[in-house]
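Just so it is clear: chains get the letters A, B, ... in the order the sequence lines come, proteins before strands, and each one is counted from 1. Because only heavy atoms are used, hydrogens play no part in the values below, and waters and symmetry mates are left out as well, while side chains stay in.
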Number of protein chains: 2
Amino acid sequence: MRRILIADDHAIVRRGLKEIILEAFPSAEITEVADAEDLINKVVKEVWDIVLSDLSMPGRSGLEALQQIKIHAPKLPVLILSVYPEDQYAIRVLKAGASGYLNKDMAPEELVNAIHKVLSGRKYITPSIAEKLATNIDLNTQGPAHARLSDREFEVLKLLAAGKSISDIASSLFLSSTTVSTYRARILAKMNLKTNADLTQYSLENNLI
Amino acid sequence: MRRILIADDHAIVRRGLKEIILEAFPSAEITEVADAEDLINKVVKEVWDIVLSDLSMPGRSGLEALQQIKIHAPKLPVLILSVYPEDQYAIRVLKAGASGYLNKDMAPEELVNAIHKVLSGRKYITPSIAEKLATNIDLNTQGPAHARLSDREFEVLKLLAAGKSISDIASSLFLSSTTVSTYRARILAKMNLKTNADLTQYSLENNLI
DNA sequence: GATTGGCGTAGTATTACTACTACACCTGCC
DNA sequence: GGCAGGTGTAGTAGTAATACTACGCCAATC
């Protein structure tokens, strides 16, 4: 009989997860908690076969809870659920010791598949996450992403993040706009970001602007 | 016997909603749809006692669906569910004709209470929403800059701030790119901002993204 | 009823930007 | 010394976006 712990601040989601899991594991004993504190407490005090935890919860995050769980119950498999796309959090979560990262809009069958896989001692890795893991080795440098930029690239990052247009930056640096556009492309590639909005958000979060 | 229509792109959420509702209304007949198109089709073709719809769904939004529902079935009560806090959408949604706005982290008992209230012909208004309605007239000139935007403008703001390109937004909203570009210009003018980076920063600071 | 303003929508001409490609120079490594 | 990779720079062809302009519809106001 499996003991399954579900952590999510949304009662609706907990209920949906519970029902989906009970269909696949009718004899499972399912417990629900609504925040990371309760999640950690339950893991410390009792033995579980698997934890399914939301990534974003009020107070301490699911990622923090994951780190604590790995301290107290290193062998306990943890599946992290999130509304965020994989490219934002999957690697970070897997590095922290999760057995899998699931997006909340996934089909119930896939969720059940993931639980089966993890309960059998394996990790649940989607092909797109596998690809990111393969490329992440090269990005596995210490320090913030912007530390990987050349001086010129860093200069251009800050101007782009502040909202300067390519042509404005080209004028002020006495370059052609295609040069600045190339810098932008290199910056995005090195920092594994996609859009100017990503650059702005990153720069705000890292106090670059 | 109540016929209840649930619209949410997340199967987990639909399942949770279904179970919670079936506990309070054991004889209810519940139908699930995963997007706004199906929601509108179902409302046009069949008779329902109440609709519970997620605000954010792929393709057309729940707000758009609400507007269509009000055209085809003006008397049909619609409860809108969202992860977004009230201050972003509640007034907008209620003005569009919803019978209530519920945050997804609400307790199941409150959800059931809201359904009871709405099925009896009333609106479900939380005290904090009532306060916002009472002050909304005066807040037309005060309030956050984004409150000055129309529904469509607000929708485009969030997409731009998140880094979507004009052409991506145009595709997903089935508009021409010049239309979206015009919205962007109007948004910037109404909010007295100049660049997309300004939109991103504003949206981060105001928890819009 | 007439007028005004807001909103949703979009075309034209023009400009900005990008993917792709490339070159020269410098540094570090073998 | 030769090679590889990083950096600074930028052109071409094509696409994306914008300033300017405009229209229809609706609601509010006089």
Side-chain angles (χ1 to χ4, degrees), chain A residues 135 137-139 141 143 145-200, chain B residues 60-61 63-68 70-71 74 91-92 95-97 136-137 139-141 143 145-200:
Chain A
T135 58
I137 297 169
D138 293 340
L139 298 178
T141 55
H146 65 270
R148 300 200 281 270
L149 304 178
S150 70
D151 292 346
R152 182 64 98 183
E153 284 162 350
F154 184 62
E155 186 176 18
V156 170
L157 162 66
K158 292 197 288 185
L159 294 170
L160 287 171
K164 296 280 188 197
S165 70
I166 297 274
S167 44
D168 282 346
I169 298 170
S171 290
S172 63
L173 298 184
F174 303 101
L175 302 174
S176 94
S177 65
T178 65
T179 302
V180 177
S181 191
T182 302
Y183 282 127
R184 176 178 171 273
R186 288 181 185 169
I187 290 162
L188 291 173
K190 284 190 180 183
M191 297 175 71
N192 202 27
L193 300 173
K194 290 200 177 82
T195 67
N196 285 1
D198 292 336
L199 297 181
T200 297
Chain B
R60 305 169 77 173
S61 69
L63 185 55
E64 262 182 281
L66 173 62
Q67 289 160 348
Q68 289 298 310
K70 286 298 152 185
I71 292 172
I91 304 294
R92 209 180 287 269
K95 279 183 178 174
N136 194 44
I137 297 173
L139 281 177
N140 275 347
T141 56
H146 65 268
R148 298 200 281 271
L149 304 179
S150 70
D151 291 347
R152 184 63 100 183
E153 284 163 353
F154 186 62
E155 186 175 19
V156 170
L157 163 66
K158 295 175 54 153
L159 295 169
L160 286 172
K164 295 279 189 204
S165 70
I166 296 277
S167 43
D168 281 347
I169 297 169
S171 291
S172 62
L173 298 184
F174 303 102
L175 302 174
S176 94
S177 63
T178 64
T179 301
V180 177
S181 189
T182 301
Y183 282 128
R184 175 178 173 275
R186 287 183 186 167
I187 291 163
L188 291 173
K190 283 190 179 180
M191 297 176 70
N192 202 26
L193 300 174
K194 291 204 177 78
T195 68
N196 285 2
D198 292 336
L199 296 181
T200 298

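Looking at heavy atoms from C-beta onward, B/Asp151 lies in side-chain contact with B/Leu63 at the 4.5 angstrom threshold. In this structure, the side chains of A/Ile169 and A/Arg184 stay at 4.5 Å or more apart for every pair of heavy atoms. Taking 4.5 Å as the limit, every side-chain heavy atom of A/Leu188 sits out of range of all side-chain heavy atoms of A/Thr195. Side-chain contact check for A/Leu173 versus A/Glu155: some heavy-atom pair is nearer than 4.5 Å. Under the 4.5 Å side-chain criterion, counting only non-hydrogen atoms from C-beta, B/Val180 is not in contact with B/Leu159.
Here B/Ser150 lies in heavy-atom contact (under 4.0 Å) with sugar-phosphate atoms only. Counting non-hydrogen atoms under 4.0 angstrom, B/Thr182 reaches a base of the nucleic acid. Nucleic acid contact for A/Ser167: sugar-phosphate only, since backbone atoms but no base atoms lie under 4.0 Å from a heavy atom of the residue.
Where DNA chain D meets chain A (any atom under 4.0 Å from a heavy atom), the bounding nucleotides read 5' to 3' are D/dT7 to D/dT12. In the 5' to 3' direction, nucleotides of DNA chain C lying under 4.0 Å from heavy atoms of chain B begin and end at C/dC7 to C/dT12.
Contact record, B/Leu199 with B/Ile187: CD2-CG2, 3.9 Å, taken as the closest heavy-atom pair.
Residue B/Lys190 qualifies as enclosed at atom NZ: its count of foreign heavy atoms under 6.0 Å is above 12.
Looking at A/Asp198, its side chain does come within 3.5 Å of a backbone N or O of A/Lys194 through a donor-acceptor pair.
Remark on DNA chain D: of its neighbouring residues B/Asn196 and B/Arg186, the 5'-side contact belongs to B/Asn196, judged by nearest-heavy-atom nucleotide. Nearest-nucleotide positions on DNA chain C place B/Lys190 closer to the 5' end than the other of B/Lys190 and A/Asp168.
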